[in-house]
Amino acid sequence: MKLTSAQFKKDFLSEIETLYSTALADTSNIEQYIALGHLVRRYNSQSWTRTAKRYRDHQQKQVYYFSIEFLPGRLLAMNLLSLNLLSTFKRGLSELGLDFETISQAEPDPALGNGGLGRLAACYMDAMASLRIAGNGNGIRYRYGLFKQIFMNGYQVELPDDWLRTGNVWETRRDNKSCVVRFGGNTWLKKQPDGHLQAHYEHTEDVLAVPYDIGVVGYHNDITNTLRLWSAELPPSVTKTYYSQEQRDRVSDITKVLYPDDSNTAGQQLRLRQENFFSSAGVQSIVRDFCENNDDLQQLGKKIAIHINDTHPTLVIPEMMRLLLDEHDCSWDVAWTLTMQVMSYTNHTILQEALETWPIEMFKTLLPRIYQIVTEIDRRYRRQELPIFGQKIVDQTAPLGNGQVRMAYLAVIGSHSVNGVAPLHTKLLKTDVLRDLYQVYPERFNNKTNGITMRRWVQLANEPLSGLIDTTIGKGWRRNPNRLQELIPYQQDDHFLHQLLEVKQQNKWALAAYVQKNMGIKLRTDAIYDVQIKRLHAYKRQLLHVFEILREYFKIKDHPEQAVVPRVHVFGAKAAPSYHYAKSIIKLMNAVADMVNQDPVIGDKLKVVFIPNYGVSLAELIIPAADVSEQISTASKEASGTSNMKLMANGALSLATHDGANIDIIHVAGAENEYPFGLTAAEVYHYYEHGNYHAADFYHADPELKRILDSLIDGTIPEVETVGREIFDSLIQYNDEFFVLADYASYTQQQRQISHDFQDQPTWQQRALVNIATAGYFSADSAVARYAEDIWQVPHDQLT
Ligand SMILES: *Cc1c(COP(=O)(O)O)cnc(C)c1O
């Protein structure tokens, strides 16, 4: 939109006046941020209304993306970028003596997700709006987001994330769109005079689901889609019913906290309540909306698509069946056909044991009507497939089995499409994780490699780089990231390569300033910035990275006179509070960091910074400064990864195993521009099959590795008596589940190569350039366009 900085200043001052009845000079950064938020909403309010009306008028097919997590990041700068108002706001504020960055950082970063899964959902919301897809998000408005992480004596301590304390300017509560979700009680079917069965409920616990809508602004296209997050409340008491404190708590507990586990939370009743809560409320509001605009239920599959992001929202399938059967008088067959047409499912899990299941007893008690429907889905599935596939396959794939409701199987059976998130992952779904269901429904399986929104991860996070790209190839890449390829010819342009280096340097300064201010550690900016940022998990192998640090440390200690290429190792990682081993690794990382950073012999040749409270905002600060992207999971364990894509787009070279989308990065940018290493997935599976991995052999065969492992238990590293022993034993006594020792040699070999190669900066920058230029392949816009074409069957704008 068009706006002069004079008009902006006038509007801003009037907003301050209206909200706070005080002068600008007397307001805090958070108040200024809130006023800016109100202003953005005012400028964009008509677009939101117009978008809804346009979709209705054109009877456009609606996509509903269900996800138990959304990790959108701060919205002020993002919305301004999309509205093309960022520079006007910056200029206007600076004319008022204010700094946009400072104010922008006062915005709370909504941590309504654990990591990759939630961030993917946010990137896809952004892409849908930018592609003019009628895309709606559906999730949970957690009162408390993912815990805030601090370190005490090097151990992780979790503090509550009270992100709503100062309110949320971006949300609109819509009381008139509320609906009731039932739990517990009894259900029975009663024959009506006309012969059909009507569901009846008694003694249910009724919860009011209240939606809070957040606008999702498309890029320069006058589209504003909706992310709807549900909050649990007590239904207004129409009678003089009195609610006890316990009843109140039971209800508000449903949306009180995000489960802080980023793979799986086994068997917690409250988690099942959360899943049913947002699945049921979402589907009820979709069907209600549909019926307001259509009178033919047969059109359902043509007018709506529901996407299930991992298994947490799988109950949308029986919930849709319930509404069609119980409230819209459909026959089972009609209801099932419509449900299947509507539903599609993305799997994110590789580990068989991590597939979500619920004990039937708990499920039946909490959701009696939904359970009846799942039982009928199970019965019909078995009846239909038994004659074709036999007892064994049917038993191994039915929704009910081993006393459990098997969510992934239910999701596959009730959907017309099942996708993995990188080619290797999709292959493993077919051959391993969902092998038997792939026999039954081969045509449903497809791959959709993950993508990231370059708008946040390059345009917003890396303004110096974006500016350089603009002056080099123009601004076309901002709309179509595939056009980053136009940078390829500049590989031979020394001036450009030098500017690329200067951009990286500038981003390192910014990160170094943050680290100095918040951690008191001084970093040099000519060092290699070697970055590993992701959840703390044994399979992601932060431990392997720690071993490299110890290797370098011992080398410098042994030969302080030798020249070394200076390095800064940057970590960001939260561990699930209940994940004991991950927390021990955090303690080890902090102990090693302290030992290295305080050693005068080491000086600034080697620094280790473990920045606490990793999240989207920190990612935006760290990623642009990275030279090396550590993507070192055990092959076959990381479904895709997305931080690998963010780092690539910002010119970091990947030090990567043959896992997830690393394989595709290496393919797209060329192996000569990355540092691949380690076992392949096939080699890992071979070890499993033959049981012939012997971690201790590596320990005994390699003196350098032995010294590193021994340092965990011989007092070399201060304060790790307990965790050091635990980690040592996990490798030697318990045979190193994630093949850290098997990959040690090839990993450190590549690390030495990096130190060597980094000294030739022109060549290094050439390779960084190829990474940036080819990163468009991983744009969320392209990924979402493929979902739109192959799965949802909805129109989308072309990237031009
Ligand atoms: C992208 C992102 C992730 C995912 O990182 P992976 O390395 O792919 O696991 C996790 N957390 C945040 C905050 C992110 O931005």
Side-chain angles (χ1 to χ4, degrees), residues 67 69-74 78 108-127 145-149 161 163 258 260-263 309-310 348-351 354 421-422 424-425 449-458 460-462 530-542 544-545 570-576 582 611-624 626 628-634 637-650 652 654-657 659-665 775 778-780 783:
S67 180
E69 302 187 0
F70 285 91
L71 207 49
R74 291 182 178 133
M78 190 66 221
D109 181 347
L112 309 185
N114 275 286
L117 177 92
R119 183 56 230 174
L120 186 78
C123 280
Y124 284 4
M125 287 305 299
D126 172 273
L146 184 61
F147 64 86
K148 276 206 159 35
Q149 178 194 55
D161 170 42
W163 72 291
L258 167 73
D261 191 329
D262 89 322
S263 50
N309 190 35
D310 214 341
H348 292 266
T349 316
I350 288 189
L351 306 175
V421 290
L424 173 64
H425 173 225
T449 302
N450 281 168
I452 56 164
T453 172
M454 301 294 168
R455 286 171 287 278
R456 180 174 291 272
W457 295 110
V458 181
L460 262 198
N462 200 341
D530 183 341
V531 169
Q532 187 172 22
I533 44 173
K534 49 187 74 258
R535 284 301 285 258
L536 202 310
H537 252 287
Y539 85 81
K540 290 177 184 275
R541 299 198 298 190
Q542 279 91 355
L544 183 54
H545 190 170
V570 181
F571 291 104
K574 288 180 180 175
I611 306 178
N613 203 36
Y614 178 60
V616 174
S617 294
L618 267 178
E620 290 172 272
L621 178 67
I622 297 169
I623 289 169
V628 176
S629 164
E630 299 250 9
Q631 306 300 336
I632 59 178
S633 53
T634 309
K637 303 297 176 193
E638 190 78 90
S640 161
T642 48
S643 77
N644 47 3
M645 302 167 185
K646 300 166 196 167
L647 284 151
M648 174 198 200
N650 283 274
S654 303
L655 170 53
T657 47
D659 200 16
N662 298 347
I663 295 171
D664 308 273
I665 289 176
F778 300 101
S779 155

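Predicted model, so just to flag it, every value in this text is computed and none were measured. Remember, it's 1-based here, ligands and their atoms both numbered in the order they're listed.
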(request) Taking only heavy atoms of K646 into account, list the atoms of ligand 1 that are under 4.0 Å away from them. (result) 1 (C), 2 (C), 3 (C), 14 (C), 15 (O)

(message) Suppose I only count heavy atoms of W457 and a 4.0 Å limit; which atoms of ligand 1 are within that range?
(response) 15 (O)

(request) Specify the closest pair of heavy atoms between Q149 and K574, including all atoms of both residues, with the distance to one decimal. (result) NE2-CA, 3.6 Å

(message) Give me the nearest non-hydrogen protein atom to atom 6 (P) of ligand 1 as residue plus atom name, then the distance to 0.1 Å.
(response) S643 OG, 3.6 Å

(message) Is it the case that ligand 1 has an N or O less than 3.5 angstrom from some N or O of K534?
(response) yes

(message) Looking at ligand 1, would N114 count as a contact under a 4.0 Å heavy-atom criterion?
(response) no

(message) Just to confirm my output: which protein heavy-atom neighbour is closest to atom 9 (O) of ligand 1, and how far is it?
(response) K540 NZ, 2.7 Å

(request) Give the minimum heavy-atom separation between L647 and S629, together with the two atoms involved. (result) CD1-OG, 3.3 Å

(message) For I533, which part has a heavy atom under 4.0 Å from ligand 1: side chain, backbone, both, or neither?
(response) backbone

(request) Answer yes or no: is there an ion pair linking D161 with K148, defined by an N-O contact shorter than 4.0 Å? (result) yes

(request) Output the list of atoms in ligand 1 that are nearer than 4.0 Å to some heavy atom of V616, sorted by atom number. (result) 13 (C)

(message) F70: which residues meet the ring-ring contact (aromatic ring centres under 6.0 Å, His included) condition with it, sequence neighbours left out?
(response) none

(message) Heavy atoms only: which of G113, S633, G116 lies closest to atom 4 (C) of ligand 1?
(response) G116

(message) Testing the basics here: between L655 and I632, what is the closest heavy-atom pair and its distance to 0.1 Å?
(response) O-CG2, 3.5 Å

(request) Please identify which atoms of ligand 1 are closer than 4.0 Å to at least one heavy atom of G641. (result) 8 (O)

(request) May I ask whether R535 has any heavy atom positioned less than 4.0 angstrom from an atom of ligand 1? (result) no

(request) Working to the nearest 0.5 Å, report the span between CD1 of I623 and CZ of R456. (result) 11.0 Å

(request) Please report the closest heavy-atom contact between L424 and D659, naming both atoms and the distance. (result) CD2-OD1, 3.9 Å

(message) Can you name the atoms of ligand 1, numbered from 1 with element, that are less than 4.0 Å from a heavy atom of G615?
(response) 13 (C)

(message) Give me the atom names and distance for the closest heavy-atom approach of L258 to A111.
(response) CD2-O, 3.7 Å

(message) Is there a polar contact, in the sense of an N or O pair closer than 3.5 Å, between Q631 and ligand 1?
(response) no

(message) Can you name the atoms of ligand 1, numbered from 1 with element, that are less than 4.0 Å from a heavy atom of T642?
(response) 1 (C), 4 (C), 8 (O)

(message) I'd like to know if D126 and R455 make a salt bridge, using a cut-off of under 4.0 Å between side-chain N and carboxylate O.
(response) yes

